[in-house]
Protein chains: 6
Amino acid sequence: MNRDCISADVIAMLRDLGTATIYEAQGAKGALDSGIKPIDPSMRLAGLAFTVDTRPADNLMLHYALLKAKRGDVLVVDAKAFMEAGPWGDVMTQQALQIGLAGLVINGAVRDAASIVEMGFPVFCRGLSIKSTGKNQRGEVNVPVCIGDVQINPGDIIVGDRDGLVVVRREEVEVAIRNSLARIEKEKLFREKIQNGVMTTELLGLDETLRSFNLI
Amino acid sequence: MNRDCISADVIAMLRDLGTATIYEAQGAKGALDSGIKPIDPSMRLAGLAFTVDTRPADNLMLHYALLKAKRGDVLVVDAKAFMEAGPWGDVMTQQALQIGLAGLVINGAVRDAASIVEMGFPVFCRGLSIKSTGKNQRGEVNVPVCIGDVQINPGDIIVGDRDGLVVVRREEVEVAIRNSLARIEKEKLFREKIQNGVMTTELLGLDETLRSFNLI
Amino acid sequence: MNRDCISADVIAMLRDLGTATIYEAQGAKGALDSGIKPIDPSMRLAGLAFTVDTRPADNLMLHYALLKAKRGDVLVVDAKAFMEAGPWGDVMTQQALQIGLAGLVINGAVRDAASIVEMGFPVFCRGLSIKSTGKNQRGEVNVPVCIGDVQINPGDIIVGDRDGLVVVRREEVEVAIRNSLARIEKEKLFREKIQNGVMTTELLGLDETLRSFNLI
Amino acid sequence: MNRDCISADVIAMLRDLGTATIYEAQGAKGALDSGIKPIDPSMRLAGLAFTVDTRPADNLMLHYALLKAKRGDVLVVDAKAFMEAGPWGDVMTQQALQIGLAGLVINGAVRDAASIVEMGFPVFCRGLSIKSTGKNQRGEVNVPVCIGDVQINPGDIIVGDRDGLVVVRREEVEVAIRNSLARIEKEKLFREKIQNGVMTTELLGLDETLRSFNLI
Amino acid sequence: MNRDCISADVIAMLRDLGTATIYEAQGAKGALDSGIKPIDPSMRLAGLAFTVDTRPADNLMLHYALLKAKRGDVLVVDAKAFMEAGPWGDVMTQQALQIGLAGLVINGAVRDAASIVEMGFPVFCRGLSIKSTGKNQRGEVNVPVCIGDVQINPGDIIVGDRDGLVVVRREEVEVAIRNSLARIEKEKLFREKIQNGVMTTELLGLDETLRSFNLI
Amino acid sequence: MNRDCISADVIAMLRDLGTATIYEAQGAKGALDSGIKPIDPSMRLAGLAFTVDTRPADNLMLHYALLKAKRGDVLVVDAKAFMEAGPWGDVMTQQALQIGLAGLVINGAVRDAASIVEMGFPVFCRGLSIKSTGKNQRGEVNVPVCIGDVQINPGDIIVGDRDGLVVVRREEVEVAIRNSLARIEKEKLFREKIQNGVMTTELLGLDETLRSFNLI
């Protein structure tokens, strides 16, 4: 897989695999904290991270990002977890859909949630606020940002679903997918065995540990 | 517009305009904090604030408010953000519907959420708690209350939707509506232009600012 | 009612009575804190508590509990309110359904929320996290645990719905049900009277208190 | 007492009376929330509020306030409770001392705490942050601000000590002081009686209430 | 050791042993959550728990407890973690000192912190608030209370220092002390060995575990 | 300056410069969040980061780190912000002093605070907990860790004081120091000018901005 070219199929596959599977498949890393969630539980998201570092309560850099981001990108915005401003709303959502962006991840809040859900644009955030933002402060785009104790680099793949968000490094996409598929296969087998009466302690080989604690 | 007589049509119009629009239209003020939300995302609310100042975990004054409030009023209750009591439930909701109240905003929690949603009464709160309340402590009604860093006066109009809550002073209703309608018109135009390929940076006149930062 | 034998009918009745009613009926006690909620608002739960005391971010003891719990039990897990790990997911849910467990209450987070909701297994928790757990630390099962300032003993009945969770001591089940039914009857009467124009202040006999404050 | 002229003696008296006494003396009102505290427990503060409404992470308006505030004023800044920026530091403290300001109350964080303590300037805030602020966003001075569910008007007197902060309306200063002195006298008497073996239940006349609960 | 008679020497010994040592010595149990701390870091506390279950923002039951508690008791008050009221202050502190109480632990806030520190009465709480309380709501004394996920029974011994609080069951006092002394002896030996160049991994026998992870 | 050899003098200089100055001097970056603070306000810290990634409530990797870290290192531990365990105490502090470590930064809690302060070892953490940790889970040392939205790499320099913590990349030490010294010089000049009556608005060149807002 060429690092510079992640195909739409690969992105779609990551979106379908789901965050918990990918997280485990790539070695239990890359998960954002539990406080950022989709504004509608049915939303799923995958795409290349177009990162934005902005001050709280100012969305100049988000408008700038809309000027620079490309079809399939996910805006990943560090708005400093400030909850009392909504730097993203329905007009920006329409612009994002026009460009073909794949979604928004914001360390902060948004507004116009009802419209955004109706427009079908995946937004992951910490909450909703109608409070206003300025449009006059400098920030940066396409720099590494740290959100929820995970560093996200421009061009990383970010995947989201009801459970949360996970970041996949470009160079690890192939192995993440391969391991995810293997994990899904293994879990499918687990399910069949469970239906046949096998216990998870046996499936996961926990008997020895339990015995060492005199539990079985 | 007569200060003493806000018509049902005006209230309905405010409810339909939505909180984010009204907030901006009246000069970016009057928004409650992001922690108070409807118990069902589809709920919308508008009405005259009937304010209640009560101690945490005591609902005597809410029953008193039900005795005094009028058709179309919204009870706006400062229960001190205490989360471990639910001073409002389904019986009170039925009383409120009987009176014709327009909804409840409470700085605290409620219970019987499933019933309340079914009964179709708009309730905005910080969470749900089944824990009990006393009915023996004095409080006040129809006094200014401060919730989420906003002062709400008796007779102010309070509007709520999925995004949150905004307060409109009686004497500013007319200008809030006028500006909201203008804003909606402008945003409609923005949407059309976006569909025709214009970027938000151009629509909002951000180019100069971006140039001053050497971003474009 | 025999303490050792709570019938399925009794459990079902408790589930239908709802948490707020039971909480009040048993003397305003047994409610867990407001931070633990069902992952889907329509979920209801009732069953005998099979308690699990585990370290944060380790699910060895949850697998062990799946080995030991019986049909109709609810796993009540103290995972120390740690939000950045999901010690329960879809494979364990399938195992739980296979055994016939009645649900999960966890002082912490879970993952695979979408699948769990689809599988119809009631889960009450503080949030969702995809982050991983170890499977190597000792804990205890069937010991009293304290969650949200309530002690839950093995064999207590735990009941949950959209409003939250309440614990019923085995020896108090009968009185809890009896009082709940009486309370429902009383509230039904209240509703009828409210429809006939009686106010809650009169129904609840609050007039004297209000008069003592010179409010009426 | 002339509303336009609160003497330095009156201010000093309020500072010495302490927040808890004044709060009770003026009818249990005017207390800010428990999250704003002095950066050193020994700090005490009293003065006329010079209010500042600013965006998070921008201190242009604080510099402007330093230009406009007068000797004896306390800057009361609503920085929107944003914790990840320190809009006030040692240079501004020196300016404030030069002007003769009586202190700073900020709904947010500050930096250079060690120097500020050493310089002896009373600062009340929510925490400490070294993170930077812009100096380019408009705000307002001498407008009412709501912090911690209390409205503070320009010219109100604000008093702080280890326990927290309380606001006294100008027109209520006289009565607040008179009642505070009476309260101190009464508490002194209480202390003497306690030393002579009288219990607080008797001093406060709680026996009847306790008897009504069959507690005594 | 007679369960009904814990000598003052035993209490003093527990106070000196310190919370972390006792907690470990009795099998890693009994610790309250990390949010309750002494109002002055030098405060230490030990005594028999006189428990109080009260509503938030009402201190009638605290005055009642002062009537009933005995020399050497520690009031352990569940005020429901409500932070915006201070149900304990300097007058009550004087009463407590008069009676000879050993301290206060409150799941909530207090006021008059400066005076209390000066009077030398150990108080452990979640914060400081000057806001007022009623004196008219029923509660209970000498019942088990759950604070910070630990149940505290009347007559349990509660010990506090800068690190926090730990509860010792009466019937486990002897073993807690014996194990604490052994632990202190062992740690003293550890310290000597560390000074002689032995590493903690060797002292604690962690080499095998580290080797199993290929770390050494 | 050789990247592989940061002299003790350079470290000492960084410690003396202070966090706020360094943060600004290196371009307003590298500050950890406001929730991690020294356990005693007088503590200062500077040294090379020896990073540790550990599970919550397990300190095996901290003991391992003590085996591997070198004189002058600061242990920088990501314990996942879990507050209900104290993976560091007085015995480990003694080991750290024996080795000559420069301090501890932990994304979590510690215990034995009184002893640690007495021993004079700088510890920066989120709080204090006496609760126990296991010693049996794998983690990693000398890998990049993200704490409070900042990535810290092994060998970065970490500096702490009462205001908080800041990270300096090795390759940026020289410029950070140079700019810090210049900044201190500039602020010294500011102070002199302030004493001579110059206002901060003039010193910082804010007049134009204020004029653009019609404020002056």
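Letters A, B, ... are given to chains in the order of the sequence lines, protein chains preceding strands, and every chain is numbered from 1.
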Side chain, backbone, both or neither of E:Gln94 within contact of chain D (heavy atoms, under 4.5 Å): both
salt_bridge(E:Asp112, D:Arg162) N-O dist < 4.0 Å: no
Give me the atom names and distance for the closest heavy-atom approach of D:Leu215 to E:Arg138. CD2-NH2, 4.0 Å
Quick check: does any side chain N or O of D:Tyr23 sit under 3.5 Å from a backbone N or O of E:Ser132, one acting as donor and the other as acceptor? yes
When rounded to the nearest 0.5 Å, the distance separating CG of D:Asp161 from CD1 of E:Ile130 is 7.5 Å
Interatomic spacing from CD in E:Gln95 to NZ in D:Lys193 - rounded to 0.5 Å: 13.0 Å
Among E:Val110, E:Leu97, E:Val141, E:Ile39, which has the most heavy-atom pairs under 4.5 Å with chain D? E:Ile39
Which distance, rounded to the nearest 0.5 Å, do you find between the CG of E:Leu67 and the CG of D:Leu210? 7.5 Å
Given side chains that start at C-beta, do those of D:Met199 and E:Ile99 come closer than 4.5 Å, heavy atoms only? yes
Give, as side chain, backbone, both or neither, the part of D:Ile22 having an atom under 4.5 angstrom from any heavy atom of chain E. neither
What part of D:Glu202 is in contact with chain E, defined as an atom under 4.5 angstrom from a non-hydrogen atom: side chain, backbone, both or neither? neither
If I compare all heavy atoms of E:Lys131 with all of D:Asp33, which pair ends up nearest, and what's the gap? NZ-CA, 4.0 Å
Atom group of D:Leu204 that falls short of 4.5 Å from chain E, counting heavy atoms: side chain
Select one option (side chain, backbone, both, neither) describing which atoms of D:Phe213 are under 4.5 Å from chain E's heavy atoms. both
Check whether any side-chain heavy atom of D:Leu206 sits under 4.5 Å from a side-chain heavy atom of E:Tyr64, and report yes or no. no
Which atom of E:Asn136 lies closest to which atom of D:Thr209, heavy atoms considered: CA-CG2, 4.2 Å
Please say whether more than 12 non-hydrogen atoms of neighbouring residues, nucleotides or ligands are located less than 6.0 Å from CD in D:Glu192. yes
Is it the backbone or the side chain of D:Thr200 that comes under 4.5 Å from a heavy atom of chain E, or both, or neither? both
Engaged part of E:Ala113 at the chain D interface, taking heavy atoms whose separation is under 4.5 Å: both
Euclidean distance, D:Leu32 CG relative to E:Ser129 OG, rounded to 0.5 Å: 10.5 Å
Would one find more than 12 heavy atoms of other residues, nucleotides or ligands at under 6.0 Å from atom CD of D:Glu118? no
Side chain, backbone, both or neither: which part of E:Glu140 has a non-hydrogen atom closer than 4.5 Å to chain D? neither
Look at D:Glu24 together with E:Arg111 and state whether they make a salt bridge at an N to O cut-off of under 4.0 Å. yes
Measure across E:His63 and D:Thr201 and return the closest heavy-atom pair with its distance rounded to 0.1 Å. O-CG2, 3.6 Å
Should D:Lys37 and E:Leu128 count as side-chain neighbours, where that means a heavy-atom distance under 4.5 Å? yes
